[in-house]
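First the structure, in the form of structure tokens, and then the observations on it.
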Protein chains: 2
Amino acid sequence: MNRSEAAERLLAAAEKLYYARGIHAVGMDEVRAEAGVSLKMLYQLFPSKEHLVAAYLDARDERWRGRLADHVAANGGSARDRLLAVFDWLGLWFAEPGFRGCAFINAFGELGGSAPLVIAVVRRHKESFRDYLVDLARGLPTADPAGVAAQLLLVAEGAMTACAVIPEPRAAQQAHLAATALLDGALARPVGVPEGAGAGRD
Amino acid sequence: MNRSEAAERLLAAAEKLYYARGIHAVGMDEVRAEAGVSLKMLYQLFPSKEHLVAAYLDARDERWRGRLADHVAANGGSARDRLLAVFDWLGLWFAEPGFRGCAFINAFGELGGSAPLVIAVVRRHKESFRDYLVDLARGLPTADPAGVAAQLLLVAEGAMTACAVIPEPRAAQQAHLAATALLDGALARPVGVPEGAGAGRD
DNA sequence: TAGTGTAGAGAACGTTCGTTCTCGGCAGGG
DNA sequence: CCCTGCCGAGAACGAACGTTCTCTACACTA
């Protein structure tokens, strides 16, 4: 078998098993068996389990962000619509069979103490997602697109974890409502006025 | 040593070690040593590691919600102020030395596949937190306090996980800003009007 | 004082798992 | 044909860990 084909099959097997059952719960031999690759080849390609896990997360990061960007590109018009399309897509993702939360948050919970390679991949993923939201928000007619993006990021992250712990389809709707409210609140404020002052208390 | 004193010391040791380093990374013998309790006593009180973990999370749930409620009671006036005090407290919590995210989300990531006892405790904790927010939101002059609470819950969860992965003090401020915007958006809408219709797009 | 139950200390056991080693086989080049 | 090197299959190794067992000491009771 080709080396690159073996790597692909190993990463696919790692993703399937690690995401479904957790990293600690899946041994190297099980990944090897699922991929149909010899243990020797596995260790030639990934010198340790931590390397395999980091590579799995890297590949998943690529695919996850690609799928999100595709959906947004296909369904979004204005910057506001594109940001809301992010939350549409989250709803679709949550409803997929086998959804078990954010793989990166799960991996962080599992390996947060040790495994610096993994921590770095998780951080990179979250930063990439935040940067993507900031990019989308730059098209908004608001004074602080980065701030709006940061707040939407919190809503998205919260929806992912809440939906993982308590599988409730309404979480995605609530996230969408929250995102809508945050966006419209930001857009109601004229460009150039700093935020932080209450807008409806008095 | 008294049995109840031993249980207390074991739970304190478990909390310290499990929260700081993760559950898989800490063996029973280490908890026993930190608590100064014999292994036999440990297994008399907690018949398996899963029981010990579940008890640790239960105790932490109690204390965490107690601290939050104390802060809110001490700093909140109106329902709106009380809900915002929740986010003040999150900021204080995030800034504590040794903060490593939400113990329940971490435990879920680590043991989500197995350990049904632990999963049940995590679910209970999240439901209790949501119920607490709903209780606070009931004092708001809004048509859908449960919806507002659900959205604030997403922001709070997102802040916890974002802050755990990327320790950035601004996450708490952003969460506070997002909560303020969501609250004021909800309060600007007159009671009795259902939400879901955009409020600032046209 | 002898007996009984319980506790502490730690060895021991069995399992799992990450990683490495061994062995047989096969391909390619002289 | 022979030698070299790589590969697959799987045994083996060493460590960690959850759990149980053994042995000794000690408090309490008749």
Side-chain angles (χ1 to χ4, degrees), chain A residues 1-57 106-107 109-119, chain B residues 1-57 106-107 109-119:
Chain A
M1 185 187 309
N2 201 347
R3 283 174 78 90
S4 69
E5 185 193 342
E8 274 175 37
R9 293 171 65 167
L10 284 167
L11 289 176
E15 168 148 20
K16 173 179 169 186
L17 297 172
Y18 287 155
Y19 182 67
R21 311 222 315 266
I23 293 169
H24 283 297
V26 175
M28 295 295 267
D29 196 65
E30 202 171 349
V31 177
R32 177 211 64 76
E34 174 80 22
V37 167
S38 75
L39 210 51
K40 188 176 228 167
M41 180 67 90
L42 196 171
Y43 275 95
Q44 276 179 17
L45 292 167
F46 305 100
S48 75
K49 184 170 185 176
E50 186 175 354
H51 286 82
L52 176 61
V53 172
Y56 139 62
L57 289 175
N106 291 346
E110 238 176 310
L111 306 173
S114 48
L117 279 181
V118 174
I119 296 176
Chain B
M1 185 186 307
N2 200 349
R3 281 174 80 89
S4 68
E5 184 192 343
E8 275 175 35
R9 291 171 66 164
L10 284 167
L11 288 176
E15 167 148 20
K16 172 179 169 186
L17 296 172
Y18 288 154
Y19 182 68
R21 310 223 315 267
I23 293 168
H24 282 296
V26 174
M28 295 294 267
D29 197 64
E30 203 172 348
V31 177
R32 177 211 64 76
E34 174 80 23
V37 167
S38 75
L39 210 51
K40 187 174 228 165
M41 180 67 91
L42 196 171
Y43 274 95
Q44 277 180 13
L45 293 166
F46 306 100
S48 75
K49 184 171 184 176
E50 186 175 355
H51 286 81
L52 176 60
V53 172
Y56 138 62
L57 289 175
N106 292 346
E110 239 177 311
L111 307 173
S114 47
L117 278 181
V118 174
I119 296 176

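None of these values were measured; they are calculated from a predicted model. Protein chains get the first letters and strands the later ones, always in sequence-line order, with residue 1 at the start of each.
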Given side chains that start at C-beta, do those of B/Tyr18 and B/Asn106 come closer than 4.5 Å, heavy atoms only?
no
Is any side-chain heavy atom of B/Leu111 closer than 4.5 Å to one of B/Ile119?
no
To the closest 0.5 Å, what do you measure between OH (B/Tyr43) and NE2 (B/His51)?
12.0 Å
Could you state the [atom1]-[atom2] distance from [X] to [N], rounded to the nearest angstrom?
| X | N | atom1 | atom2 | value |
| --- | --- | --- | --- | --- |
| A/Tyr43 | C/dC21 | OH | P | 13 Å |
| B/Leu42 | D/dG18 | CG | P | 10 Å |
| A/Arg32 | D/dC7 | CZ | C1' | 14 Å |
| B/His51 | D/dT19 | NE2 | P | 10 Å |
| A/Lys49 | C/dT16 | NZ | C1' | 11 Å |
| B/His24 | C/dC17 | NE2 | P | 11 Å |
| B/Arg3 | C/dA7 | CZ | C1' | 11 Å |
| A/Met41 | D/dA9 | CE | P | 11 Å |

Closest heavy-atom pair, A/Lys49 versus A/Val26, reported as atoms and distance to 0.1 Å, is NZ-O, 2.9 Å
Please report the closest heavy-atom contact between A/Ala13 and A/Val31, naming both atoms and the distance.
CB-O, 3.8 Å
Nearest to the side chain of [X], which nucleotide is it out of [options]?
| X | options | answer |
| --- | --- | --- |
| A/Leu39 | C/dT19, D/dC7, D/dG18 | C/dT19 |
| B/Ser38 | C/dA9, D/dG18, D/dC7 | C/dA9 |
| B/Met28 | C/dT19, D/dA9, D/dT19 | D/dT19 |

Of A/Asp29 and B/Lys40, the one whose closest nucleotide on DNA chain C sits nearer the 5' end is B/Lys40
When all nucleic acid strands are considered with a 4.0 Å heavy-atom cut-off, which category describes B/Val31: base, sugar-phosphate, or nothing?
nothing
Regarding A/Gln44, tell me which of base, sugar-phosphate or nothing describes its non-hydrogen contacts under 4.0 Å with the strands shown.
sugar-phosphate
